[in-house]
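Heads up, the thing below is written out as structure tokens.
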Amino acid sequence: MMTSQKKGSSVRPRLRWEKLLATLALALLLPAPAAAQKKPAALDREGHPWWRHAVFYEIYPRSFADSNNDGIGDLKGITSHLNYLKSLGVDAIWITPCFPSPQVDFGYDVSNYTDIEPMYGTLADFDGMVARGRKDHIRVVLDFVMNHTSDRHPWFLQSKSSRSSEYRDWYIWRDGKPPDVSQPPMPPLDPNAPGGEQPPNNWTSIFGGTAWKYDPTTQQWYYHFFDPAQPDLNWRNPKVHDAMFRAARFWFERGVAGFRLDAVDTLFEDPDLRDNPPLPNVILRDAAGNPLPNAVPGKDAYGMPLQRRIYNDNLPENHVVLQQLRQLADQYGAVLIGETWTENIAQLREYYGESKAEIQLPMDFLFANVNRLSAPEFRRQVALVESAGGWPVYLFSNHDITRAYNRYGGPHPTDQVAKLLAGLLLTLRGTPILYYGEELGMENRDPVSREEVQDPIGVRGWPLEKGRDGERTPMQWTSGPNAGFTSGKPWLPIAANYQTHNVESESRDPNSVLNFYRAAIRLRHRNMALVEGNYVALNERDPNVMAYLRQYRGHALLVALNMSPQAQTVSLDLSGQGYGVKARLHALLTSNAARDQKPASMKLEPYGVFIGELKK
Ligand code: GLC
């Protein structure tokens, strides 16, 4: 599905003497753990927190670099490529979950919050990665899955063992409802439920089907917002709260610079489990707003009734936990990045925290949801995010969203469009998050048949929901076999454009997408105006060209982005900003645009980018 809408969302962690001695002996043999090494400063020279100036880079560890050639990426693979990320200009990496997991949802089903998945390496590999990152000035951010655990986590195994287990109340268990003959049954009924028993309410899972699974042993149902293998934790239980905060502290102590918080909007549910109102007239649409072929009004991709999730999404209690987590993060100078799927800016504003500080960087998916190159729509969304009162964070793609190269490039994506997107992402006032491979122009490679699909939502939703395999294909390092990702069999096929779009080839080509990203990031790091400068929209009625100033202490940079496939000429009147007719431009970075330009008549070729310094 060509959309930035979240895939699967249908409308949306007794010290004994011998142990102590062993630890001391080991400490003399091993290098100091990362946390004991010199910590990078939390504030820059001007007193701004580090994450405001950082360029973040998301890594899907299964797909980044495979050091042992088993076809699946790993931590040593990441460590060995930190030099590449350093040359790109990346300041922090966010690694999607690398904790022990049965991998039903590829790590988002955690079975131990304080260890490393063996497939990805060991805690020593993790420490090695953090230590190497410190040398290269690259911080490590982990992904904290707070909403749910794996159904094989020891907490859940205990919880489901008996109704009287001390862990029973760590999850959400309820009795089912007797079959109601006057209503059509909730499809698909759990085949294990006795005599047509119905789930406790009408909530649907965004991974398909009812959000409840019947457990024959204890004869109750447990709640799962995502996959049945991802039972929701009961955040109303203080023991859950304490256990999860201990896990967070474990990683902060180990040197992580922050967390990307997974699924933070779904931590709490209505205690009375009231039914969600249905949306009978809504129809699933693609990025362009067209109804999806074969979509049925009122039904999600899995044939379930669409509903407005007012009783299990975005409850006010979420904010209380996030404010407490922020207090913990602040003790370590750490950053919290929220997976915040909001419907409007008012909701986004709440995540920054109103009376109490909350998430520093709540992601604005409404920006990524501008699914077409439209100057008015991006201008409007940036203005809205600017008005939210917090520090903006921008991204185009991630492991749940069709890659930007395809979303904005349409059926025939071009590098010009990829450079235009870099021009926008890296010059806005806000922290940019790149998705691995975005800097190469990596494209989506959706599965061609259901048999090929690995993502559980694609298996369940095929063909309306093809799942997220397409945006998770292996990183393209070379034009050689398996794009240099592995010499084994890669866990997902390589995307088709790897022979032209890979690190090796693009590093040699001065006009490559990669070298444009490098130049844009370098520019951002060298120009305070591009980081801390005010954002001033220009020419706000222009339907094709998005233009703006970034102003900092009497210094101004002008950015002009032609979002159309035709050449455009724009006349910018900067008298309101104190620049007269004699104002000149000194080009700093361009793509498909002449370097010699005047604000009064700027010419941009299709998808052209001009970034220059404004001189009086
Ligand atoms: C988040 C993750 C997604 C995962 C889901 C369940 O949305 O980004 O990949 O499937 O949470 O943990």
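In each ligand, atom 1 is the first atom listed, and ligand 1 is the first ligand listed. Excluded from the calculations below are hydrogen atoms, water molecules and symmetry mates; all remaining heavy atoms, backbone and side chain alike, are included. One-based numbering along the sequence shown.
Applying the salt bridge (Lys or Arg N to Asp or Glu O under 4.0 Å) criterion to Arg349, with sequence neighbours excluded, gives no partner residue.
Proximity of Phe207 to ligand 1, defined as any heavy-atom pair under 4.0 Å, is confined to the side chain (atoms from C-beta onward). Counting heavy atoms under 4.0 Å from ligand 1, residue Met146 does not touch it at all.
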Exercise. Does the salt bridge (Lys or Arg N to Asp or Glu O under 4.0 Å) test come out yes or no for Arg407 and Glu471, once each step is laid out?
Worked result: CA-CA 11 Å; Arg407 279 200 346 268; Glu471 52 264 32; over 6 Å; no

Exercise. Given the rule in the salt bridge (Lys or Arg N to Asp or Glu O under 4.0 Å) test, do Asp330 and Arg326 qualify, once you have shown the distances and angles that lead to the verdict?
Worked result: CA-CA 6 Å; Asp330 279 350; Arg326 171 65 182 275; 3.0 Å; yes

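Ligand 1 is never approached by His224 to a heavy-atom distance shorter than 4.0 Å.
Close contacts between ligand 1 and Asp105 involve ligand atoms 4 (C), 5 (C), 6 (C), 10 (O), 12 (O) [criterion: under 4.0 Å to a heavy atom]. Every atom of ligand 1 with a heavy atom of Arg260 under 4.0 Å away is listed here by number and element: 2 (C), 8 (O). Heavy-atom contacts of Gln230 reach the following atoms of ligand 1: 6 (C), 12 (O) (cutoff under 4.0 Å). In summary, the atoms of ligand 1 found under 4.0 Å from a heavy atom of His148, numbered by their order in the structure, are 6 (C), 12 (O). Residue His399 has at least one heavy-atom neighbour below 4.0 Å for each of these atoms of ligand 1: 2 (C), 3 (C), 8 (O), 9 (O). For ligand 1 and Arg472, the ligand atoms under 4.0 Å from any heavy atom of the residue are 9 (O). Those atoms of ligand 1 that come under 4.0 Å of a heavy atom in Arg468, given as number and element, are 3 (C), 4 (C), 9 (O), 10 (O). Heavy-atom proximity to Asp400, at under 4.0 Å, picks out these atoms of ligand 1: 2 (C), 3 (C), 7 (O), 8 (O), 9 (O).
A donor-acceptor contact shorter than 3.5 Å is absent between the side chain of Asp262 and the backbone of Glu339.
Ring to ring, Trp94 and Tyr436 are not that close: their centroids are 6.0 angstrom or more apart. Between Tyr222 and Tyr171, the ring centre distance reaches or exceeds 6.0 Å.
If you check the side chains of Thr204 and Arg309, you find a donor sitting under 3.5 Å from an acceptor.
At least one N/O-N/O distance between Glu339 and ligand 1 falls below 3.5 Å.
Screening Tyr435, Tyr405, Phe365, Phe367 for a ring-ring contact (aromatic ring centres under 6.0 Å, His included) involving Phe396 leaves a single residue, Phe367.
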